[in-house]
Amino acid sequence: MKLKLLILAALALCLSACHKTCVCTGYNGAEREYTSDEVDALGGSCSNLVLQANTRYYSYCRWE
């Protein structure tokens with residue numbers, strides 16, 4: 001019974017923390033955050049946002 005409660009608590013924690021944003025860091029160190037909806041509209045994955053319209057805007061992008 002305690003194991004089930006622990007699993008349910010862990011699941012609830014995961015579901016409440018799953019609202020991540022894609023953070024892209026530019027070459028000058030400036031960061032830009034994208035919501036998951038924006039990521040879907042712009043290319044479908046966070047790492048694909050580095051390159052937009054055949055131009056490399058960011059040095060890297062990651063989920064946080």
Side-chain angles (χ1 to χ4, degrees):
M1 184 66 157
K2 289 182 182 180
L3 181 59
K4 287 182 183 180
L5 290 175
L6 181 62
I7 291 171
L8 288 175
L11 181 61
L13 180 63
C14 177
L15 291 175
S16 66
C18 289
H19 297 287
K20 294 184 176 184
T21 56
C22 176
V23 179
C24 294
T25 304
Y27 293 102
N28 62 356
E31 292 185 338
R32 164 75 158 87
E33 292 185 7
Y34 293 92
T35 65
S36 60
D37 291 335
E38 290 174 316
V39 171
D40 289 341
L42 291 170
S45 77
C46 185
S47 59
N48 286 345
L49 294 182
V50 170
L51 184 66
Q52 297 178 26
N54 294 324
T55 303
R56 191 172 175 101
Y57 283 101
Y58 303 107
S59 60
Y60 61 92
C61 297
R62 67 199 178 283
W63 285 108
E64 286 188 357

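Start at 1 with the first residue, then count along the sequence.
The side-chain heavy atoms of Y57 and R32, taken from C-beta on, include no pair separated by under 4.5 Å. The shortest distance between side-chain heavy atoms of T21 and E38 does not fall below 4.5 Å.
With rounding to the nearest 0.5 angstrom, the NZ atom of K20 is 12.0 Å from the CZ atom of R62. Here CG of N28 is found 10.0 Å from OH of Y58. Values are rounded to the nearest 0.5 Å. Separating the CH2 atom in W63 from the OG atom in S36 is a distance of 5.5 Å, to the nearest 0.5 Å.
In terms of heavy-atom proximity, R56 sits nearest to L51 at N-CD1, 3.6 Å. Closest approach of V39 and C22 over heavy atoms only: CG2-CB, 3.6 Å.
Disulfide criterion (SG-SG under 2.5 Å) for C61 and C46: not met.
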